[in-house]
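The first residue in the sequence is number 1, and the count goes up from there.
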Amino acid sequence: MINFLDLKSLNDRYVTEALDFFTHFLNDGQYILGNEVNMFESEFARYCGTKHCIGVGNGLDALTLILRGYNITEGDEVIVPGNTYIATILAITATGAKPIIIEPNEDTYNLDVELIEGSITSSTKAILLVHLYGRGVEMEQLWLLAQKYQLKIIEDAAQAHGAKLSGRRVGSLGDAAAFSFYPGKNLGAFGDGGAITTDDTGLASRIKALRNYGSQIKYLNREKGVNSRLDEIQAGLLRLKLPYLDEDNAKRREIARYYCKHIQNPNLVLPNFPDDEESHVWHLFVIRVEKRQDFQAYMNANGVSTLVHYPIAPHKQEAYVELNDLRLPLTELLAEQVVSLPLYPVMTREQIEHVVTTANQYKG
Ligand SMILES: *Cc1c(COP(=O)(O)O)cnc(C)c1O
């Protein structure tokens, strides 16, 4: 059976270094916001090409703290694509602001930039874009709109660590970016983790306080913060993995290129492989198929696990009854048809070829 993702094999590559780290960690005796978090923050900021990085507990908190850091609150509106993981929307509603959900572009699955201007009102404060499945969003038009209407641009970069557009990394493309280090992400911790990257020094300093009870000087609390700190152990392990991220992303790209070239089946709609190849880090290889259940059962019976990202759009979730009447035909169609094939850096040639052959023999 080809697993959808084989985290154990992925992380087995770091076992020796991880054991050395643990010895050092136990000797060091610093547990919260110590040297490892500090070092990871500066290394990840350098990697992304930003002035600042702030490590937090997870990707959802990273998003929420950016929005709070920009004073986005009740009465404000944030424009966001409808085909995303629910965390993107949860961050907005956690601040009391209203998500203004728009459709994606059918070729890139990223937010349809053409639909943004028509959704802007006097309450719009930000555009929260998602580099979905690892594909970087083209920023040029977004920046023009942001300048014209005085909006913040916030990146949900949870799926796109390392993607590069015009020589700049995701994480440095907007005013601020949120990353997740959930184990399955392109840069994954051995537990939960997240970070914010930004060049905005004011925002960075505010989020440093917000993640730590609203305090930068111990027992002096300027505002009502939260406890959401990147764990020292996770930071140490992320430091081991960061130097291999580009190599891993290159392997993902090779597999994606192979799938795009060799999967040929009229029943399957493949993602388009961007000319600007570095703009995509292939967190997920998402195809579309009309009879998805059949396809998944067929693949499974032939030794290939698949998953769906995501089967129910956030606006159709029970958690968002207030949004259930929204009509987003493309987002809803994608939720019905998308299915992800296994794609991760330690897949063997045999496994990759088996995925291709099996997909090609699907009868529809
Ligand atoms: C994973 C993910 C998140 C949330 O990250 P957590 O660390 O799980 O909180 C947010 N947005 C997107 C697009 C994600 O894929």
Side-chain angles (χ1 to χ4, degrees), residues 1-18 40 43-44 46-49 59 108-110 131-137 157-165 167-171 179-190 193 237-264 268 270-287 299 303-307 309 338-360:
M1 191 72 191
I2 301 175
N3 293 325
F4 181 74
L5 179 62
D6 189 347
L7 278 176
K8 174 141 179 359
S9 306
L10 274 170
N11 285 333
D12 271 348
R13 300 177 296 168
Y14 305 98
V15 164
T16 314
E17 288 174 271
F40 176 73
E43 288 160 8
F44 197 61
R46 192 176 327 128
Y47 178 82
C48 292
T108 64
Y109 298 143
N110 281 329
H131 303 293
L132 196 72
Y133 306 148
R135 185 176 189 133
V137 172
Q159 301 189 354
H161 319 66
K164 242 186 202 173
L165 284 102
R168 297 184 61 173
R169 298 265 189 203
V170 152
F179 286 91
S180 163
F181 306 120
Y182 181 81
K185 301 291 160 94
N186 287 33
L187 178 61
F190 294 61
L237 295 168
L238 285 166
R239 289 187 67 204
L240 301 180
K241 293 182 76 171
L242 179 58
Y244 301 98
L245 176 58
D246 285 345
E247 217 172 284
D248 271 6
N249 282 341
K251 282 187 200 146
R252 287 176 182 274
R253 202 170 287 131
E254 280 319 299
I255 301 170
R257 193 199 312 276
Y258 192 85
Y259 283 173
C260 284
K261 188 159 171 212
H262 295 282
I263 298 177
Q264 290 172 357
L268 307 178
L270 298 192
N272 78 36
F273 192 92
D275 294 335
D276 177 11
E277 11 185 300
E278 292 202 318
S279 68
H280 205 324
V281 291
W282 298 96
H283 173 59
L284 294 167
F285 191 90
V286 177
I287 66 174
M299 292 298 277
V304 181
S305 325
T306 57
L307 286 178
H309 302 90
V338 291
V339 53
S340 310
L341 301 181
L343 188 162
Y344 45 95
V346 297
M347 283 178 85
T348 63
R349 189 86 206 167
E350 244 180 359
Q351 291 178 318
I352 296 165
E353 276 168 17
H354 184 67
V355 172
V356 169
T357 318
T358 312
N360 283 344

**Q** I'd like to know if the side chain of Arg13 and the backbone of Leu10 have a donor-acceptor N/O pair within less than 3.5 Å.
**A**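 Between the backbone of Leu10 and the side chain of Arg13 there is a qualifying donor-acceptor contact (under 3.5 Å).
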**Q** With no hydrogens and no angle check, is any side-chain donor or acceptor of His161 less than 3.5 Å from a backbone partner on Val281?
**A** no
**Q** With Arg135 as reference, evaluate Thr108, Asn110, Asn272 under the side-chain hydrogen bond (donor to acceptor under 3.5 Å, both in side chains) test and give the passing residue.
**A**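 Answer after filtering Thr108, Asn110, Asn272: Asn272.
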**Q** Has Arg253 got a side-chain atom pairing as donor or acceptor with Glu277's backbone, closer than 3.5 angstrom?
**A**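 Yes, the answer is positive, given that a donor and an acceptor are paired below the 3.5 Å cut-off.
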**Q** Do you know the tightest heavy-atom contact between Ala359 and Ile263?
**A**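 It is CB-CG2, 4.1 Å.
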**Q** Kindly confirm or rule out a cation-pi arrangement of Arg239 over Phe44, judged by NZ or CZ under 6.0 Å from the six-membered ring centre and within 45° of its axis?
**A** no
**Q** Walk me through whether Phe273 and Tyr258 qualify under ring pair (Phe, Tyr, Trp, His ring centres under 6.0 Å).
**A** CA-CA 10 Å; Phe273 192 92; Tyr258 192 85; over 10 Å; no
**Q** Would you mind writing out the side-chain donor-acceptor pairs for residues 338-348 within the sub-3.5 Å range, not counting sequence neighbours?
**A**
residue : atom : partner : partner atom : Å
Ser340  : OG   : His309  : ND1          : 2.7
Tyr344  : OH   : Asn3    : O            : 3.1
Thr348  : OG1  : Gln351  : N            : 3.1

**Q** Please give me the minimum heavy-atom distance between Gly59 and Ser180, naming the atom from each residue.
**A** CA-CB, 3.8 Å
**Q** Run the numbers on Leu242 and Leu238 for side chain to side chain contact (heavy atoms under 4.5 Å, CB included), then give the verdict.
**A** CA-CA 6 Å; Leu242 179 58; Leu238 285 166; over 6 Å; no
**Q** When you compare the side chain of Trp282 with that of Ile255, does any pair of heavy atoms fall below 4.5 Å?
**A**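 Answer no - side chains too far apart.
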**Q** To the nearest 0.5 Å, what is the distance between CG on Leu5 and CG on Leu307?
**A** 8.5 Å
**Q** Check whether the side chains of Asn249 and Asn186 place a donor and an acceptor atom closer than 3.5 Å, and report yes or no.
**A**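 A donor-acceptor contact under 3.5 Å links the two side chains.
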**Q** Would you compute the distance between atom CD1 of Ile287 and atom CG of Leu270 and round it to the nearest 0.5 angstrom?
**A** 6.5 Å
**Q** Check the pair Glu254, Arg257 against salt bridge (charged side-chain N to carboxylate O under 4.0 Å, His left out), reporting the backbone distance first and the verdict last.
**A** CA-CA 5 Å; Glu254 280 319 299; Arg257 193 199 312 276; 3.0 Å; yes
**Q** Could you grab the distance from atom CG of Leu245 to atom NZ of Lys185, nearest 0.5 Å is fine?
**A** 14.0 Å
**Q** Counting only N and O atoms by type, is there a donor-acceptor contact under 3.5 Å from the side chain of Lys241 to the main-chain atoms of Leu187?
**A** no
**Q** Considering all heavy atoms of both residues, which atom of Cys260 and which atom of Pro271 are nearest to each other, and what is their separation?
**A** SG-O, 3.7 Å
**Q** At what distance, to the nearest 0.5 angstrom, does CG of Asp6 lie from CE of Met1?
**A** 12.5 Å
**Q** Could you label the plane-to-plane angle of the Tyr109 and Tyr133 rings as parallel, tilted or perpendicular, counting under 30° as parallel and over 60° as perpendicular?
**A** perpendicular
**Q** Provide the closest heavy-atom pair for Ala18 versus Leu237 in the form atom of the first, atom of the second, distance.
**A** CB-CD2, 3.8 Å
**Q** Just say parallel, tilted or perpendicular for the rings of Phe285 and Tyr259, cut-offs at 30° and 60°.
**A** perpendicular
**Q** Would you mind telling me which of Arg252, Arg169, Lys251, Lys164 makes a salt bridge (Lys or Arg N to Asp or Glu O under 4.0 Å) with Asp246?
**A** Arg169
**Q** Between His131 (side chain only) and Val137 (backbone N and O only), is there a donor and an acceptor less than 3.5 Å apart?
**A** yes
**Q** Looking at every heavy atom in both His262 and Asn360, which two are closest together, and how far apart are they?
**A** O-ND2, 2.9 Å
**Q** Count the heavy atoms of every other residue, nucleotide or ligand shown that sit under 6.0 Å from OH of Tyr244, and state whether that count exceeds 12.
**A**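 Not buried by this count: 12 neighbours or fewer within 6.0 Å.
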**Q** Measure across Gly134 and Ala163 and return the closest heavy-atom pair with its distance rounded to 0.1 Å.
**A**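 Gly134 and Ala163 have their closest heavy atoms at O-CB, 4.0 Å.
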**Q** Quick one: are the ring centres of Phe40 and Phe181 less than 6.0 Å apart?
**A** yes
